[in-house]
S.K.: 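Below are the structure tokens for one structure; questions will follow.
The sequence lines fix the lettering, A, B, ..., with proteins before strands; numbering per chain opens at 1.
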Number of protein chains: 2
Amino acid sequence: MIGTPNRDRQAERREATRQEILTAAWDVARQNGIAGLTLREVAVRVGMRPPSLYSHFASKNAIYDAMFGQAWQDCMDWMTRAMADAPRAPRARLVALALAFFDYAMTDVERFQLMNVRVLPDFTPSADAYRPAVDCIEAGRAYVSELGITRDEDFDLYTALLAGLLSQQQANDPHGTRWRDLVPKAMDMFADAAGLPAGPEKSGPRRSRPTKAARQNSGRKS
Amino acid sequence: MIGTPNRDRQAERREATRQEILTAAWDVARQNGIAGLTLREVAVRVGMRPPSLYSHFASKNAIYDAMFGQAWQDCMDWMTRAMADAPRAPRARLVALALAFFDYAMTDVERFQLMNVRVLPDFTPSADAYRPAVDCIEAGRAYVSELGITRDEDFDLYTALLAGLLSQQQANDPHGTRWRDLVPKAMDMFADAAGLPAGPEKSGPRRSRPTKAARQNSGRKS
DNA sequence: GTCTATACACCGATAGAC
DNA sequence: GTCTATCGGTGTATAGAC
């Protein structure tokens, strides 16, 4: 066949501009708020006229949808990378998992709002975009489960604790670490309640490593 | 003086329509999301043309501002009422305080977003509107403090835990009680970590009372 | 204090030429 | 695939008559 290579190149190029559009959309969202995304602004940033975007996305909500799926997929990658070289000791590992998600969420508030907070009344993720979200949460459940914490109720409490530290940090100290610093203590509290054996560590004034994980990021940041 | 009674009546009437407008604004916010509030819709509901609203509020953000202050003032009233007949035993009291705020927040998601989540990029509460918010949080700190939990760090952890249960409930089970049911367990966990003596209770399968507190509400609900 | 009329800017989306 | 032109709609806010 002589058409196939061309077909591939075209599909490749098409996917590339799709990514360009999404990158621009993230930029706009970070600047104007996730709800302040406009096709005009996106088009300007990629050097197009607004109607041209419709050659790549069926609607504005289709862009949100792609962003939603991408955010959760990136989150999964980020956490997989972070957990690969996380400590093996249960309590330290619990802290590492929490900090991984915490730091991912804090690097981009608007992204986190799209992922977790319902701020777009007339946007509902499609099944395709929702799948990475479920996968990511289930991966988190698996990490916690490996430490011997297997009850659904305990995992719900874990996610709530993490979400709360995040929520407070974003709302009341968006550029500081007031609640992030409480993560180790909070995780110890949780580990005690979930019946995780204390071990020799108890993770006292351990030096956690946000910076290393943050450095090997793909580079999307305000 | 003969003008004074008329002056009073006028001021009274004026304040009444101001309240009418705010009530309509809450209705619209609940229907379209807090960011979906429009002066058109508000005006229609109150039986005015949009420009007439400017006789009562200087701008749309002035309406947000009044809503913000009102929400926190109502929250303070709600919690004062709830804590008046809350149990005296420390752990039960801690649970009661948490549930009071939890239930207030859950009765109106949009109100909670205006109060706590930054979803309106170009709205910042005025000093006047912000004062009730500080007062309400400080009242909460006082309640917790009375139980012997006085360290700032512990109160930060308490607010984070509560915010997290709320956040998860709103995002993942807005009409259920999956995370609300975890409040007693979460509070026990926190009490243990904060060094609150266990006492004879330990708040096992205690029957909490969301309904009673909810019933004596002023009546703003979806 | 409320109205009509209107200014002004912005939005998402479509049609059709190239 | 991208463009120009445009439709039909949204929104906040102001001016001036009554």
S.K.: Need one value for B:Ile63: base, sugar-phosphate or nothing, where a base atom within 4.0 Å counts as base even if backbone is also close, heavy atoms only.
M.R.: nothing
S.K.: Mark yes or no for whether B:Trp179, through its side chain, and A:Asp156, through its backbone, hold a donor-acceptor pair below 3.5 Å.
M.R.: yes
S.K.: Separation of A:Tyr54 atom OH from C:dA13 atom C1', in whole Å?
M.R.: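 Roughly 4 Å, once rounded to whole Å.
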S.K.: Roughly how many Å is it from CG in A:Leu39 to C1' in D:dC7, rounded to a whole number?
M.R.: 16 Å
S.K.: Please produce a list of atom pairs where a protein N or O lies less than 3.5 Å from an N or O of nucleotides 3-6 of chain D.
M.R.:
unit_1	atom_1	unit_2	atom_2	d
D:dC3	OP2	A:Arg49	N	2.9
D:dC3	OP2	A:Ser52	OG	2.7
D:dT4	OP2	A:Arg49	NE	3.3

S.K.: Nearest to the A:Ser55 side chain among D:dG1, C:dT2, C:dG12, which nucleotide is it?
M.R.: D:dG1
S.K.: Ignoring hydrogens and angles, tell me if any N or O in the side chain of A:Gln70 forms a donor-acceptor pair with the backbone of A:Gln19 under 3.5 Å.
M.R.: no
S.K.: Return the minimal non-hydrogen interatomic distance between B:Leu165 and A:Leu157, and the atom names on each side.
M.R.: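 Closest pair (atom of B:Leu165, atom of A:Leu157, distance): CD2-CD1, 4.4 Å.
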S.K.: Can you tell me how far C1' of C:dG1 sits from CG of B:Leu53, to the nearest Å?
M.R.: 12 Å
S.K.: Side chains of A:Arg111 and A:Tyr104: do they bring a donor and an acceptor to under 3.5 Å?
M.R.: yes
S.K.: Within the 4.0 Å heavy-atom criterion, would you say B:Leu37 contacts the bases, only the backbone, or no part of the nucleic acid?
M.R.: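 Here B:Leu37 touches the backbone only, sparing every base.
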S.K.: Could you state the NZ-C1' distance from B:Lys60 to C:dC10, rounded to the nearest angstrom?
M.R.: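 It works out to 13 Å between those atoms.
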S.K.: Let me know the distance between OH of A:Tyr64 and C1' of C:dC11, rounded to the nearest Å.
M.R.: 12 Å
S.K.: Between C1' on C:dA13 and CG on A:Asn61, what's the gap in Å once rounded to a whole number?
M.R.: 13 Å
S.K.: To the nearest Å, give me how far apart CD (B:Gln10) and P (C:dT2) are.
M.R.: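 Distance check: B:Gln10 CD to C:dT2 P gives 12 Å.
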S.K.: Which atom pairs, donor and acceptor, lie under 3.5 Å between side-chain atoms of residues 32-40 of chain A and protein residues at least two apart or in another chain?
M.R.:
unit_1	atom_1	unit_2	atom_2	d
A:Thr38	OG1	A:Glu41	N	3.3

S.K.: Quick one: sort the B:Tyr130 and B:Phe68 rings into parallel, tilted or perpendicular, breaks at 30° and 60°.
M.R.: parallel
S.K.: Round to a whole Å and report the spacing from CZ of B:Phe57 to P of C:dT2.
M.R.: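 Atom CZ in B:Phe57 sits about 12 Å away from atom P in C:dT2.
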S.K.: Among all residues two or more places apart in sequence or in another chain, which pass the salt bridge (charged side-chain N to carboxylate O under 4.0 Å, His left out) test with A:Asp27?
M.R.: A:Arg30
S.K.: What nucleic acid atoms does A:Ser59 come within less than 4.0 Å of, heavy atoms only: base, sugar-phosphate, or nothing?
M.R.: sugar-phosphate
